[in-house]
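Keep in mind that what you see is a predicted model, and the values were worked out from it rather than measured.
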Amino acid sequence: MTATIIDGKEFAARVRGQVAEHVTRLKADNDITPGLAVVLVGEDPASQVYVRSKGKMTVEVGMNSIEHKLDVDTPEADLLALIDKLNTDPDVHGILVQLPLPKHLDEDLVINSIAPEKDVDGFHISNVGLLGTGQKSMVPCTPLGCLMMLRDHHGSLSGMDAVVIGRSNIVGKPMAQLLLGDSCTVTIAHSRTKDLPDVVRRADIVVAAVGRPEMVPGDWIKEGATVIDVGINRIDAPDKGEGKTRLVGDVHFESCAARAGAITPVPGGVGPMTIACLLANTVTACSRANGLPEPEGLTA
C-alpha cells in the first residue's frame, strides 16, 4: 500500500482563504476588522521567525496585526499590565503570548491572565476545562488543525479507533478531547505505556506527538490507518554534508507510508496548519465577541 499524502500546505492555504472571505464579510456587513495581538518577550530566534510569519499572514487575510516586542528582562508586572490592557481593548479579538517565556516569568500565570475569550492559543485553564467538558471553547491550534485534516480526509470519524501518542497539555490531551468529541474511541499512549506497539497497531487513526525523532516505525501501523505526525525534530544529515541537518517527524515516514492509508509529511504537514488555525481562532473570537455567526468549518 502507498499512502495518500495529506498536504498541509495546500490545506492551510484553503483555511486561510476561508478566513479571508469571512474577514471580508465582517468588514463589509458589520464594519469590523478582527485584530490579533502577539506579544514577544526576548529575542529567541525561532520565536522571532514565528512571530514575523504570524504577522505577515494576519495582514494577508485582512486582519489587523498588533505586535508588542518586550525586552528579555521585562518585569512580570509589566507583562501582566500589557495583557490587561489588551484584554480591555475592543479592537483586539485575539491575544497570543509567544512561548517559551524567559525563566523569570511564570508561564501559567501569564497564560491565565489572558481573557479566555481572547485566548486564541486555547491554553487558558478555562478553555481547557470547557473543551474537556464538551462546551464551546477556544481550541488549541495544532490539535484543531489535525482534526480539520482528519475530517477532510475521512468525513465522519464516528466509531474510529484513535491512538494519540503523547500526553502534553498543548497537543496530546486536547487532541484526545477533540477526537472524543467526534465520537472516536480514544487511547492516550505515552513513553510508559505497556506494549505500546500493540496499542498503536489497533488504531485507525494515529496522532504522534511525542517529540522523539522517528520513534514510530512502520510495523506499528495498521494497514490502511491514517497517520498524523505532529513532530518536528531536527537531526544530523551527514549525507547532505558536514554539519548539515534535516527535519523529521515522530514517525519514520517511509516505513509508515508503506502501510498507512494516509499520512502527513514533515515538513509540510501539520506545521502549516498551526498558523492557519490561529487565524481561524481569531476570526471565531471576533465573531463571538460581536454576537455574530461563527465561520463554518473553522472550529471544532
Side-chain angles (χ1 to χ4, degrees), residues 32-59 61 63-133 135-145 167-174 177 274-291 299-300:
I32 298 169
T33 301
L36 172 63
V38 178
V39 180
L40 175 63
V41 185
E43 298 180 353
D44 177 76
S47 292
Q48 288 182 320
V49 170
Y50 200 36
V51 166
R52 279 198 300 273
S53 181
K54 287 173 181 173
K56 179 173 178 286
M57 292 188 185
T58 301
V59 172
V61 297
M63 298 195 296
N64 289 331
S65 175
I66 304 108
E67 292 185 9
H68 292 273
K69 297 181 179 179
L70 307 180
D71 292 337
V72 68
D73 57 354
T74 295
E76 190 168 82
D78 290 359
L79 175 56
L80 295 175
L82 171 60
I83 292 171
D84 187 56
K85 181 180 177 182
L86 296 172
N87 283 339
T88 57
D89 187 339
D91 294 326
V92 173
H93 304 96
I95 302 169
L96 181 147
V97 178
Q98 183 65 41
L99 303 177
L101 290 171
K103 294 187 183 302
H104 70 283
L105 300 173
D106 183 335
E107 286 192 358
D108 288 339
L109 176 64
V110 170
I111 289 168
N112 290 320
S113 70
I114 299 171
E117 65 274 14
K118 295 188 179 186
D119 166 39
V120 286
D121 255 341
F123 295 163
H124 192 288
I125 191 65
S126 293
N127 283 318
V128 173
L130 290 167
L131 178 61
T133 52
Q135 300 180 67
K136 184 181 291 187
S137 68
M138 298 307 301
V139 180
C141 301
T142 299
L144 177 58
R167 50 182 168 176
S168 72
N169 293 329
I170 293 174
V171 179
K173 292 176 184 176
Q177 296 290 352
T274 299
I275 293 181
C277 288
L278 172 68
L279 303 176
N281 276 351
T282 303
V283 170
T284 296
C286 177
S287 299
R288 290 176 181 174
N290 289 280
T299 190

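- Counting only heavy atoms from C-beta outward, the side chains of Met138 and Val120 approach each other to under 4.5 Å.
- Remark: the backbone N or O of Asn281 is not paired with any side-chain donor or acceptor of His93 at under 3.5 angstrom.
- Between the side chain of Ser53 and the backbone N or O of Val49 there is no donor-acceptor pair closer than 3.5 Å.
- In this structure, the side chain of Asn127 engages the main chain of Pro116 through a donor-acceptor pair within 3.5 Å.
- Here the closest heavy-atom approach between residue Ala300 and residue Leu144 is recorded as N-CD1, 3.7 Å.
- Paired with Phe123 under the rule side-chain contact (heavy atoms from CB on, under 4.5 Å), one option of Leu99, Val110, Ile114, Asp108 passes, and it is Leu99.
- Between Ser287 atom OG and Ile32 atom CD1 the span is 8.0 Å, to the nearest 0.5 Å.
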Report the C-alpha separation of Val171 and Ser168 in whole Å, then their side-chain angles, then the decisive distance to 0.1 Å, and conclude whether the side chain to side chain contact (heavy atoms under 4.5 Å, CB included) test is met.
CA-CA 6 Å; Val171 179; Ser168 72; 3.8 Å; yes
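- In terms of heavy-atom proximity, Pro174 sits nearest to Pro143 at CG-CG, 3.9 Å.
- No donor-acceptor distance shorter than 3.5 angstrom exists from the side chain of Asp89 to the backbone of Lys85, with no hydrogens or angles considered.
- No side-chain heavy atom of Val97 sits under 4.5 Å from any side-chain heavy atom of Leu40.
- With values rounded to the nearest 0.5 angstrom, Asp121 atom CG is found 11.5 Å from Cys277 atom SG.
- Checking side-chain atoms of Lys118 against main-chain N and O of Asn87 turns up a donor-acceptor pair under 3.5 Å.
- Residues Leu36 and Ser65 are not in side-chain contact: their nearest non-hydrogen atoms beyond the backbone lie 4.5 Å or more apart.
- Environment of CD in Gln135: crowded, with over 12 heavy atoms of neighbouring residues, nucleotides or ligands closer than 6.0 Å.
- Closest non-hydrogen pair, Ile275 versus Met57, comes out as CG2-SD, 3.6 Å.
- The closest donor-acceptor contact from the side chain of Asp84 to the backbone of Leu80 lies at 3.5 Å or more, if one exists at all.
- Side-chain contact check for Thr274 and Thr142: at least one donor-acceptor pair (N or O, by modelled atom type) lies under 3.5 Å.
- Residues Val92 and Ile95 have side chains in contact (heavy-atom distance under 4.5 Å, counting atoms from C-beta outward).
- One N or O on the side chain of Glu76 and one on the backbone of Asp106 form a donor-acceptor pair closer than 3.5 Å.
- Note: Lys54 NZ to Leu278 CG = 6.0 Å, rounded to the nearest 0.5 Å.
- The distance from atom OG of Ser126 to atom CD of Glu117, rounded to the nearest 0.5 Å, is 9.5 Å.
- In terms of modelled atom types and a separation under 3.5 Å, the side chain of Asp119 and the main chain of His124 share a donor-acceptor contact.
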Checking side chain to side chain contact (heavy atoms under 4.5 Å, CB included) for the pair Leu96/Val39: CA distance, chi angles, key distance, verdict?
CA-CA 6 Å; Leu96 181 147; Val39 180; over 6 Å; no
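- Between Leu105 and Val41 the shortest side-chain heavy-atom distance falls below 4.5 Å.
- Remark: Thr58 OG1 to Leu279 CG distance equals 5.0 Å, nearest 0.5 Å.
- The backbone N or O of Val51 sits nowhere less than 3.5 Å from a side-chain atom of Gln98 that would complete a donor-acceptor pair.
- Under a 3.5 Å cut-off, the side chain of Thr74 and the backbone N or O of Leu70 do not form any donor-acceptor pair.
- A 4.5 Å side-chain heavy-atom check between Arg288 and Lys136 finds at least one atom pair inside the cut-off.
- The side-chain heavy atoms of Val72 and Glu43, taken from C-beta on, include no pair separated by under 4.5 Å.
- In this structure, CZ in Arg52 is found 11.0 Å from OG in Ser47, a value given to the nearest 0.5 Å.
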